[in-house]
Every structure is written in C-alpha cells, then in structure tokens.
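Note that ligands are numbered from 1 as they come in the structure, with each ligand's atoms numbered from 1 the same way.
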Amino acid sequence: MNYLLIALLFTANLFAVEFNKIDDKKSLELLLNNIHPSGTEKGVVVASPSKSQPNYFYHWVRDAALVMSTIFDVMVVEQDPIKKNQLKSLMYDFVARVQSNQQASGFFNLGEPKYHVDGRPFTGPWGRPQHDGPALRAVTLIKFANYLIDEGQEQWVRENLYTPELPALSPIKMDLEYTAIYFNSHGFDYWEEVMGLHFSTAMAQRRALLSGAKLARRLGDNGAADFYEIKAQKVSKLIETFWNPNKGHIESTLNQTRGVYKSQLDVSVILGVHHGDNGDGFFGVEDSRVMATAVKIEESFKQIYSINKSQDHLGTAIGRYPEDTYDGYRTDRLGNPWFLATFAMGEYYLRLEKRLRNSSSVNIQDVCHRLQLSGCDSKDKLLSKLRNKALGFFKRADYHADDNGHMDEQMSRFNGFMMGARDLTWSYAAHISAALQL
Ligand code: NOJ
Ligand code: NOJ
C-alpha cells in the first residue's frame with residue numbers, strides 16, 4: 001500500500017462518526033417527549049418522566065433553560081421549514097411558561113429551583129435559592145430575542161420579552177435585574193447540594209449580563225446596558241478568584257457554608273465554561289486554567305470508577321465530582337458517572353478542536369503537553385487527537401445507552417447499567433449540544 005492510501009484510510013477512520021445506539025435525531029425525539037407531556041401545562045419541560053424513585057416530574061428552571069437553549073440551537077440550523085416552525089412554537093410556549101413562573105414566584109423569589117407541572121412553585125424543603133436559574137433562562141431568552149429582532153419581530157420582543165420599564169415585569173429584564181442584584185450572594189450550586197458562590201453560576205451570570213447589555217443597547221435601553229456591563233465586570237473579577245494556583249485547577253465553589261465536603265474538582269466547572277461562553281475567550285475552552293481543570297477532572301474519574309478500568313477502548317465515564325454520594329435514588333451511596341457529564345467532556349474537546357483549527361497562533365507543543373497528549377508533531381495531528389478524544393466520550397455514552405438510544409441520568413460505576421431518573425431530558429440535551437459541534 002502506498003502512503004497516500006494509508007493516510008486516506010486513517011483519515012476516513014478518524015472522521016467517520018458512527019455510534020451503535022445513540023444518534024442525535026433519536027435524542028431529539030426522546031427529548032421532545034419530555035416537553036409538555038400529558039398532564040402538564042404548555043411550555044413545561046419535565047426533568048424526566050419518572051414520577052417516583054426518583055420523582056423528577058417537575059419543571060426545573062436550570063434543566064428547562066438548558067434544554068430550551070438546545071432546542072433554540074437546533075431550530076437555527078434546521079432546514080425543514082415545518083420542523084423549524086414546530087421548534088419555534090416550543091420557544092414561544094417556553095416564553096409564556098417563563099412569564100407565568102416568574103409572576104407566580106415574584107421578583108425576590110426568582111431563585112426558586114423548580115415548579116410543579118401545573119405551574120405552581122414547589123414549596124417543599126429544597127436547596128434554595130439557586131441563582132443560576134434566572135441567568136441561564138435569560139441567556140436562552142436573549143438568544144431567541146435577538147433571532148426574532150433579526151427576523152423583523154422587534155415589536156413582539158418589546159412587548160413580550162424585553163421592556164425597559166422598572167420595576168421589571170418582562171421576562172428577560174426580570175432575570176437580568178435579579179442577576180445584577182444577586183450575583184454576589186450565596187446560593188445552592190448546579191447540583192443543589194452546597195451553599196456558597198459557584199463558578200458555573202457566575203459564568204452563567206456573566207454571560208447573561210453581557211449578552212443582556214447588548215440586547216438592551218439594541219433596544220435603546222442604554223442606562224440598563226451600562227448597568228449590566230458594570231455588574232458583569234464585577235462578576236468577571238469574582239470568577240478569576242476560582243482559579244487555585246496551588247491546586248492547579250479551577251474550584252467549583254468558594255465560601256462554602258453548607259453541604260458535603262468536596263475536593264472542588266467538579267464537572268460543573270466544564271459546564272460553566274460551556275454555558276457561560278460569551279464568545280470573548282474569557283475562561284474559554286483554550287484557557288490554560290480550563291485545560292488543566294479538564295485534565296484533572298478526567299484523571300480523578302479514571303481512578304475511581306471500575307468501568308473506566310475494564311473498558312479503556314472507550315473514553316472515560318465522567319461523574320459530577322469524585323466524592324458524590326447520590327446514586328440516582330439515594331444520597332448515602334456511591335455516586336456514578338452521568339451521561340450529561342460525559343457528553344460535556346466530549347463537547348469540551350470538540351469545541352477546543354474547533355477553536356484551535358480557526359486560530360493562527362497555536363503553540364502545538366504547549367497544548368499537547370497541557371492536555372497530556374503525546375505525539376502531536378503537527379497542528380493536524382493535534383486536531384485529530386482532540387477529535388478522537390472527544391469521540392471517546394461519545395462512545396462511552398453509546399456503550400451504556402439502551403438498544404433504542406434511551407439514556408437515563410447515570411450509569412453504574414461497577415457494571416455500567418443505567419441508573420437514576422429514566423430518560424433524563426438533560427442527558428439528551430447534552431448529547432445534542434455536543435453533537436452540534438461534530
Ligand atoms: C440529591 C442530589 O444530589 C441532587 O443533585 C438532587 O438534585 C436532589 N437529590 C434531588 O433529586
Ligand atoms: C439533580 C441534578 O443535580 C440537578 O442539577 C438537576 O437540576 C436535577 N437533578 C433535575 O434534573
């Protein structure tokens with residue numbers, strides 16, 4: 001065989017993206033089953049159809065915001081006009097749902113983590129407030145608002161999404177005002193377990209404020225735009241303090257006052273990098289602090305889950321954080337890998353590959369070294385290594401999904417069988433969001 005042929009075969013192999021069971025179209029179908037399922041109000045996104053052990057049949061603010069952000073991203077690239085319109089109408093339903101949730105809670109309780117499927121705020125004991133919710137929700141709605149303005153729907157946006165008046169009553173403005181006031185206040189983390197200040201929450205808040213400032217300016221609300229920008233600068237300063245040079249990674253929580261002990265290595269940091277991506281490189285995928293954190297997170301899960309030892313032809317199965325004791329049913333067991341966490345790492349390497357591909361000044365050896373890869377003798381080699389690395393995480397999820405592509409919350413760290421809430425909506429959103437980078 002000549003070298004060219006070998007090279008071609010090699011390339012074809014590397015770039016063929018085929019998995020046995022998971023497929024992003026299938027994931028979209030399964031995700032859509034969880035939006036406004038029977039017995040729920042329009043615009044409700046249930047975290048999972050599971051109504052007991054565990055009961056996830058609620059509209060969580062964080063899950064819903066992230067899921068609808070993915071719906072928006074799919075809508076933008078969808079070519080079929082009928083499907084595009086269906087997705088768009090889900091976005092309109094979501095806007096109405098947000099309005100009703102916000103009105104039901106009132107401004108000072110926008111940090112409410114979840115709602116019943118009939119729209120009432122959940123009032124039982126829970127880890128509250130959670131300040132990431134309003135920020136993530138604002139980010140999703142701001143993307144939609146800009147899209148509608150580009151389409152000539154500015155009037156609709158002014159009436160239904162962003163109105164300059166104060167006290168804020170429109171959905172985006174309410175969430176932005178709340179975020180501007182509470183960015184520095186303690187709340188519960190993405191995992192609803194520990195109280196303090198959180199990297200992921202702060203990243204979401206920063207992006208909400210910066211993209212919110214842009215939208216406000218676009219709509220002539222300049223005073224508000226200035227105000228959101230000033231707050232965003234403060235959030236940026238706060239975010240810098242999560243980098244711990246002694247430990248060599250970004251910590252997930254600072255000033256923790258309640259909850260379990262954590263080494264602070266947490267995949268929520270990577271989620272924060274994704275959800276807080278404002279396109280300006282701030283704690284972006286190519287930031288050396290983020291690279292170091294990604295490597296350490298993977299390393300820690302490689303060591304503690306037995307499935308990572310026995311099946312090393314697959315990428316590493318990733319959990320929330322090493323000390324996790326939530327197994328999907330109870331909080332006094334050993335935690336497991338999660339699908340959404342594993343996809344988040346896949347998305348990380350895909351986004352990094354894209355970023356470096358489009359950059360003219362990549363220090364190949366430096367990146368290679370930081371990510372503990374070897375043999376990157378050219379930029380192309382490095383890029384294909386990153387892509388391969390990313391595909392490993394997809395393969396891992398594929399291996400543990402069921403034959404029809406269903407994915408629950410977790411997979412057993414011992415035998416890989418799925419555990420926890422079935423058909424977790426966020427598992428599908430995380431898959432699609434990563435696959436959009438392929
Ligand atoms: C405990 C888990 O650790 C937390 O993440 C979850 O939100 C709650 N239980 C409710 O399911
Ligand atoms: C537990 C997760 O820790 C939390 O992030 C999520 O919002 C809920 N489950 C619902 O999916």
Give the atom numbers and elements of ligand 2 that come within less than 4.0 Å of a heavy atom of [X].
| X | value |
| --- | --- |
| Arg62 | 4 (C), 5 (O), 7 (O) |
| Trp426 | 5 (O) |
| Asp63 | 6 (C), 7 (O), 10 (C), 11 (O) |
| Ala47 | 10 (C), 11 (O) |

Inset, instruction - For the residue pair Thr316 and Glu298, confirm or rule out a side-chain donor-acceptor distance under 3.5 Å. - result: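 Yes, a side-chain donor-acceptor pair sits under 3.5 Å.
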Salt bridge check: are [X] and [Y] linked by an N-O gap of less than 4.0 Å?
| X | Y | value |
| --- | --- | --- |
| Asp226 | Arg217 | yes |
| Lys25 | Glu29 | no |
| Asp280 | Arg206 | yes |
| Asp150 | Arg218 | yes |
| Glu240 | Arg289 | yes |

Within reach of ligand 2, part of [X] (heavy-atom separation under 4.0 Å):
| X | value |
| --- | --- |
| Trp60 | side chain |
| Arg320 | side chain |
| Tyr326 | neither |

Legend entry - Contact check: Trp338 vs ligand 2, nitrogen or oxygen atoms, below 3.5 angstrom: no
